[in-house]
Amino acid sequence: MIKSMTGFGKAQGIVAGKKISVEIKSVNSKGLDLNTKMPSIYREKEMLIRKELGTAFVRGKIECSIYYDVIDDANSAQLNTSLMENYLSDLKAFEKEQGLPATDYMQVLLRMPEVFKTERAELDEEEWKGLSALINEACDRFQEFRAAEGASIELDFTNNVNEIERLLSEVPKYEQERIDTVKTRIKSSIDELIDQADVDQNRFEQELIYYIEKLDINEEKVRLANHCKYFKETMAKKDSNGKKLGFISQEMGREINTLGSKANHAELQKLVVDMKDNLEKIKEQILNVL
């Protein structure tokens, strides 16, 4: 089963007077590159969170972001009145010393550092369990997204491999004409050599061997057909394996290139070009397969 390397998953819930949101997204990467963003209150659990994510994901550049909004007034920000009094005293002293006119200090005080204070509650077990459940839910939705994207990629792969197989099935139509053309060339070369007084027998035999090898494309056809079959079998397996599909596509490319170099026929060359076009589409998509 094909899975996309890119994905997105989100989960939200109310836990311990907070509205918590967990977002997980990923883009392509050769290995697992895991990044987390979270409020300081959850930092003590960062290693556990990273372990959970590392177990759930194999490859991709993964980013997990955790946010929360306080909905319980008991945890809302309050004015730090004692600090404001100190600021006010210092400002008035400075004003008097410099001979400045009286000022309405409220707007100034509200902008001073740490005037607003929030009582930082410790992370309790109930909140951690709720957060962990939301992370798992976001992971599940993320995997669902990957599977849906993978199904679309798998359909494209199947269509492209089927087209390569169809083009390969057309090769035999032109093989006899191709063989006749090459035979005519060999006969012409032989006639030219026979007309010569001195014939180099070794060179003559080498030329024959060379053209015979150029004629034979049966091995390439068989191997390419097997690679196409193996590609589809690998797609159908339970685990997504983008690296393995990449290796198989490389082998397909080698056989197609060899067919092209041995073709010596215009129509066969056209088939090879179309095969390469479909294979290139496969290679582009493989970069996005888990």
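On a predicted model such as this, the values are computed, not experimentally measured, just so you know.
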- [ ] List for me each residue that meets side chain to side chain contact (heavy atoms under 4.5 Å, CB included) alongside Lys281, sequence neighbours excluded, and say none if there are none.
- [x] Asn160, Asp277

TODO: Using a strict 4.0 Å threshold on nitrogen-to-oxygen distance, state whether Lys276 and Glu280 make a salt bridge.
DONE: no

Task: Pair listing, salt bridge (Lys or Arg N to Asp or Glu O under 4.0 Å) test, anchored in residues 45-62, at least two apart - done: Arg43-Glu46

Open item on the list: Please determine whether the number of non-hydrogen atoms from other residues, nucleotides or ligands lying under 6.0 Å from atom CD of Glu233 exceeds 12.
Closed with: yes

Task: Short side-chain to backbone donor-acceptor contact, Asn241 and Thr234, under 3.5 Å - done: no

Open item on the list: Between the side chains of Glu267 and Lys173, is the shortest nitrogen-to-carboxylate-oxygen separation below 4.0 Å, so that they form an ion pair?
Closed with: no

Open item on the list: If hydrophobic clusters are built by linking Ile, Leu, Val, Met, Phe, Trp and Tyr wherever their side-chain heavy atoms come under 4.5 Å apart, do Leu48 and Leu53 end up in the same one?
Closed with: yes

Open item on the list: Quick test of your reading: applying ring-ring contact (aromatic ring centres under 6.0 Å, His included), list the pairs with at least one residue in residues 241-290, sequence neighbours left out, ordered by first then second residue.
Closed with: Tyr174-His265

Open item on the list: Within the 3.5 Å criterion, strictly below it, is a donor on Glu163 or Asn278 matched to an acceptor on the partner's side chain?
Closed with: no

Task: Side chain to side chain, Ser261 and Asn257, heavy atoms closer than 4.5 Å - done: no

Task: Donor-acceptor pair, side chain of Thr258 and main chain of Arg254, under 3.5 angstrom - done: yes

- [ ] Kindly indicate whether the side chain of Ser26, heavy atoms from C-beta on, has any atom under 4.5 Å from the side chain of Phe57.
- [x] no

Open item on the list: Nearest 0.5 Å, please: how far is NZ in Lys221 from OG in Ser169?
Closed with: 10.5 Å

Open item on the list: With side-chain contact (heavy atoms from CB on, under 4.5 Å) as the test, pick out the partner of Leu271 among Leu259, Ile164, Val171, Leu168.
Closed with: Val171

Task: Electrostatic pair Glu165:Lys232 at N-O distance under 4.0 angstrom - done: yes

Open item on the list: Determine whether a donor-acceptor pair (N or O, by modelled atom type, separation under 3.5 Å) exists between the side chain of Ser152 and the backbone of Glu149.
Closed with: no

Task: Carboxylate-amine/guanidinium proximity below 4.0 Å for Lys129 and Glu126 - done: no

